[in-house]
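All values reported here derive from a predicted model rather than from experimental measurement. Within every chain, numbering begins at 1; the chains are lettered A, B, ... in the order of the sequence lines, protein sequences first and strands thereafter.
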There are 2 protein chains.
Amino acid sequence: MRENREFILGQTRQYLTILDAAIEEFSRLGYKATSMQVIANRAGIPKANVHYYFKNKENLYREVLNHIIEVWNASFDEIQNDEDPAVALDRMIRAKVRLSYTHATASRLFANEIIHGAEHLGEYLKQDMRQWVRDKSRIIQSWIDTGKMDPVDPVHLIFLIWSSTQHYADFETQVLTILNRAEYESEMIDGIADFLSQVILKGCGLQAP
Amino acid sequence: MRENREFILGQTRQYLTILDAAIEEFSRLGYKATSMQVIANRAGIPKANVHYYFKNKENLYREVLNHIIEVWNASFDEIQNDEDPAVALDRMIRAKVRLSYTHATASRLFANEIIHGAEHLGEYLKQDMRQWVRDKSRIIQSWIDTGKMDPVDPVHLIFLIWSSTQHYADFETQVLTILNRAEYESEMIDGIADFLSQVILKGCGLQAP
DNA sequence: GTCTATACGACGATAGAC
DNA sequence: GTCTATCGTCGTATAGAC
């Protein structure tokens, strides 16, 4: 079933249509509260076809998560040991703000999954994500050890960057309501990135690049 | 029905038991994915009794939200115009980290509600919360105008404090998995508060109090 | 007030016609 | 591959015995 994704034309048009519809719907209410019927409706096909392409709901959800993780991993910005920390962290913050803007549904789907206990994501968190944090922490620690930045806990710094950037995607409703806006604009996103980069970098004893 | 809450004894023991059970369960999966049956099970009573005390699911959920908001408002730390900004913001950050620890379920219930579009919270966001942010922003702006701190957008500073502190409650699963811990300890919470206070205050050009 | 029993719709999933 | 029809289960909600 998975291999079909290679073929864009023909029999797999529905497969991709369903996957897109499922991402959209699962991101709204999470796994349990989302029905196969609304996914089928959004995809514009009978409910039975969804079961034909994806054996069951659980399976469809897993495919959706895998699809998101691929996009996520491809966008995860890499920082290097020999880089200037200000440049690297600034780029990391800006990349994540952009990702929250361009892939807000994916971010909310992840947030839903984690808030609800991450039952379908346990292994990914334990394996890939933990290792990713470990690698980046080591680099940040090396910057601290060489006196390039303040001694701050690298793991919590990563959490700070994650939480403050994701907030604008996951809590979009709250943010827009309080700002009294209907939707984000590209300028606002740049302003958010500027603000977060400025405060976090200075907070770590770094000068804006 | 609401007035009953005043009476702790007698007929209203079940009312409060159900409310507690509902807070717990709704915070796990959100409104739609939570069934009246699991709430009744957690409260240790027949499902029909839940419908007797709270007319329907919608009504029960509203009562739960109101209950949370009361606790929330009571804990919302006030900052004053004539205070030292470092002292005020430090206290605000520490209060919110503590709140995320002591009222993690309430935080997650709010997070769920907002991620899912805040259908039941619309008025609260528009009225009370927007006004709260406006008031605090004005105070922060006055600190900026008198040169006590760097010129940063006050609203985004509030968002930064909210997001970075809530993260430890809402994304508890992810945080604990990556830290390879089973649960939070009081020391960790203090460490988190120290870290966030240090970085955010310095990021705003303030010295730790 | 407390419980059992049940109505009735929505759910995931499948059988089987085309 | 695509659809309609339908199964069994679970959802919210209520009726009615005690």
Tell me the bend of the helix from C:dG1-D:dC18 to C:dC18-D:dG1 as the angle between end helix axes, each from five pairs, rounded to the nearest 10 degrees.
10°
N/O (side chain, B:Y53) to phosphate O (OP1/OP2, C:dG1) under 4.0 Å
no
Hey, is the side chain of A:H51 poking within less than 4.0 Å of OP1 or OP2 on C:dT14, counting only N and O atoms?
no
In whole angstroms, how far is the P atom of D:dT9 from the NZ atom of A:K57?
18 Å
Counterpart residues, side-chain hydrogen bond (donor to acceptor under 3.5 Å, both in side chains), relative to B:S142 (two or more places apart):
B:N81
Parallel, tilted or perpendicular: which one describes the rings of A:Y184 and A:Y101, with boundaries at 30° and 60°?
perpendicular
Tell me whether the centres of the aromatic rings in B:H116 and B:Y31 are closer together than 6.0 Å.
no
Are any of the side-chain nitrogens in A:R62 or A:E58 under 4.0 Å away from the carboxylate oxygens of its partner?
yes
Should the pair B:R94-B:D194 be classified as a salt bridge under the 4.0 Å nitrogen-to-oxygen rule?
yes
Look at B:D190 together with B:R98 and state whether they make a salt bridge at an N to O cut-off of under 4.0 Å.
yes
Taken to the nearest whole Å, CZ/A:F54 to P/D:dG1 is 13 Å
Could you point out which residue of A:Y61, A:Y124, A:F26 forms a side-chain contact (heavy atoms from CB on, under 4.5 Å) with A:E113?
A:Y61
In terms of ring plane angle, is the pair B:W162 and B:F159 parallel, tilted or perpendicular, where the classes change at 30° and 60°?
tilted
Protein-nucleotide distance (A:Y15, atom OH; D:dG1, atom P), rounded to Å:
13 Å
Value in whole Å for how far the C1' atom of C:dA13 lies from CG of A:L60:
14 Å
Rounded distance in Å - CG (B:N56) to C1' (D:dT14)
12 Å
Where along residues 26-50 of chain A does a heavy atom come under 4.0 Å from DNA chain D, residue by residue in number order?
A:P46, A:A48, A:N49
Indicate yes or no: at least one non-hydrogen side-chain atom of B:H156 is less than 4.5 angstrom from one of A:Y168.
yes
To the nearest Å, give me how far apart CG (B:N59) and C1' (D:dA13) are.
13 Å
